[in-house]
Amino acid sequence: TPYINQHGSRLSHRSIQECHTLEHGSPPHELYEAHKTLNLSEPFVKVKRFVKEIKSSFIPKTVRGHYVIVFNPIKTLSVLEPDQPGGCSLNIRQTVAATSKKNNCVVAINAGYFDTKDGKCLGNVVSDGRIAHDSKGIQNAHFGLTKDEQIFIGYISEDSVLSGNILQLVGGVIWIIRNGTGFVNSSKKLECEKTEETGPMDHFANILSARTAVGHDKDGNVVLVQVDGKSSTDGVNLYDMEILLKEFGLVNVINLDGGGSSTLVINGTTANYPYDSCDDQNFACDRKVSTVLCVHSP
Ligand code: NDG
C-alpha cells in the first residue's frame with residue numbers, strides 16, 4: 001500500500017523496499033512430496049563436490065562447491081537453533097561445526113539470516129515441530145518440511161507457521177528457482193531486503209560471494225548447495241546460482257545466508273572455505289552463525 005501523508009497525497013517510494021508482512025492467507029508457495037527411503041540400511045545422505053565452468057556474461061568462470069543429497073529428509077533433516085534449543089531466544093551465535101558436533105550431524109550447513117549487531121535469528125524457525133522464532137509474517141522465501149511429509153518452498157503467512165503442521169522451517173532471502181524456472185527477478189520484488197545486511201536487493205543479488213542454498217530435486221530429495229567465494233571478488237551472484245541450479249536439474253531452491261556465513265561441515269569438520277579472517281589476518285576462520293540445517297541418522 002502506498003504511503004499517504006497528512007494532506008492525502010502519495011509520497012514517492014522510498015529507496016528502501018517496503019517489507020510486507022502477512023498474518024493470514026496463502027501467499028505463493030510450492031508443496032512437493034518428500035522422498036522416503038523404505039530400506040533404512042541404504043545411505044541417507046551423499047556429499048558430492050563440484051568444480052564447474054559456468055558462462056555468466058562473457059567470461060566463463062570456475063565455480064567450486066558442494067552438493068548434498070538428503071534421501072530421507074522427513075526422518076533425517078532438522079533445523080537447529082544456534083548452539084542449543086532456545087538459541088534463538090537467547091540471541092546466541094555459534095559456528096556450524098560446534099552446533100553440528102553437539103547434535104551428531106553427519107552433514108550440517110549454515111541456514112538462516114541473523115542480525116549481526118545483536119545476534120537475533122531472522123525469519124521463521126521451526127525445529128523438530130517446535131516454533132523457535134516467529135517472524136510475524138515477514139515475506140521472505142522459506143524452506144520447510146510438513147508433518148504430512150511434504151517439502152514446503154516459498155512464502156508463508158504467520159497463521160500457517162502457527163498452524164501446527166510444520167515440522168521444520170527456516171527463512172532465506174530470494175527464491176532462486178521455482179518449478180524449474182529462474183525466479184530471482186520476480187522474488188527480489190516481493191521480498192524484505194532488511195533481512196540481509198549486504199545492501200539494496202539488487203546489490204545483494206548482483207554481488208559475487210559465497211552462497212548457501214536449499215531446495216529439492218525431481219524425486220523429492222532435499223538438496224543443499226554450497227558455493228565458495230569472497231564478497232565482491234570471487235564466487236557467484238544469484239543469477240549465476242540460477243544457471244548452476246538449473247544445470248543440476250533442481251525444481252525449487254531458495255537462497256540462505258551466504259557470504260562469510262557459508263559453511264559446510266561433514267562429520268564435525270568444516271569442508272569448505274569460509275573466508276572471515278581469524279585474529280591472525282593471514283588465516284580464515286569459521287563465522288559464528290545462526291540456525292543450521294542438520295542431516296542426522298533416522
Ligand atoms: C552474510 C550475508 C549478509 C547477512 C549476514 C548475516 C551474503 C552475501 O551474513 O547478507 O546479513 O546473516 O549472503 N551475505 O554476510
Side-chain angles (χ1 to χ4, degrees), residues 16-17 19 56 61 63-66 79-83 87-88 90-97 99 108-125 132-133 135 138-143 169-176 184 187-188 191-215 224-242 244-245 253-265 270 272-278 284-293:
I16 303 272
Q17 193 164 317
C19 287
S56 84
K61 70 170 163 195
V63 174
R64 294 175 175 78
H66 292 86
V79 171
L80 301 179
E81 292 180 76
D83 195 62
C88 278
L90 295 167
N91 295 353
I92 293 176
R93 292 204 279 139
Q94 184 53 281
T95 61
V96 177
T99 303
I109 198 163
N110 72 292
Y113 287 79
F114 56 95
D115 186 318
T116 59
K117 283 156 239 72
D118 61 13
K120 271 197 184 71
C121 295
L122 300 175
N124 294 292
V125 181
H133 185 251
S135 79
I138 210 103
Q139 292 301 288
N140 283 118
H142 278 72
F143 166 85
L169 190 65
V170 69
V173 178
I174 299 293
W175 187 347
I176 308 173
V184 174
S187 68
K188 74 179 188 189
E191 296 196 27
C192 178
E193 70 183 8
K194 284 188 225 154
T195 306
E196 46 85 11
E197 295 176 14
T198 302
M201 206 56 119
D202 276 313
H203 178 68
F204 174 72
N206 278 307
I207 195 171
L208 297 184
S209 196
R211 305 281 185 175
T212 295
V214 61
L224 315 172
V225 180
Q226 171 270 315
V227 176
D228 275 324
K230 185 165 171 89
S231 273
S232 305
T233 58
D234 188 31
V236 289
N237 63 35
L238 291 180
Y239 302 97
D240 299 332
M241 276 300 265
E242 230 175 48
L244 182 73
L245 299 169
V253 187
I254 67 156
N255 178 55
L256 295 172
D257 190 16
S261 302
S262 247
T263 313
L264 180 76
V265 170
T270 300
N272 73 311
Y273 284 82
Y275 61 79
D276 273 7
S277 331
C278 311
C285 271
D286 287 19
R287 179 182 289 183
K288 289 185 172 179
V289 297
S290 187
T291 50
V292 160
L293 277 164

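Ligands are counted one by one from 1 in listed order, and the atoms in each one are counted from 1 as well.
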Asker: Hey, is the main chain of Thr116 close enough, under 3.5 Å, to the side chain of Glu197 for a donor-acceptor pair?
Answerer: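 Yes, because the side chain of Glu197 sits within donor-acceptor range (under 3.5 Å) of the backbone of Thr116.
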
Asker: Does Lys61 pair with Asp240 as a salt bridge, N-O distance under 4.0 Å?
Answerer: yes

Asker: Kindly say whether Asp228 contributes a backbone atom to a donor-acceptor pair with the side chain of Asn272 at under 3.5 angstrom?
Answerer: no

Asker: Non-hydrogen atoms closer than 4.0 Å to ligand 1: which protein residues do they belong to? List them by chain and number, please.
Answerer: Tyr113, Phe114, Thr116, Glu196, Glu197, Thr198, Phe204, Ser209, Asp257, Gly258, Gly259, Ser261, Arg287

Asker: Taking Leu256's backbone N and O only, do any of them form a donor-acceptor pair with Tyr113's side chain (distance below 3.5 Å, no angle check)?
Answerer: yes

Asker: Sub-3.5 Å donor-acceptor pair from the side chain of Glu242 to the main-chain atoms of Leu245, do we have one?
Answerer: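 Not at all, since once roles are kept as given, no pair shorter than 3.5 Å links the two residues.
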
Asker: Please walk me through it: do Thr195 and Asn140 pass side-chain hydrogen bond (donor to acceptor under 3.5 Å, both in side chains)?
Answerer: CA-CA 8 Å; Thr195 306; Asn140 283 118; 2.6 Å; yes

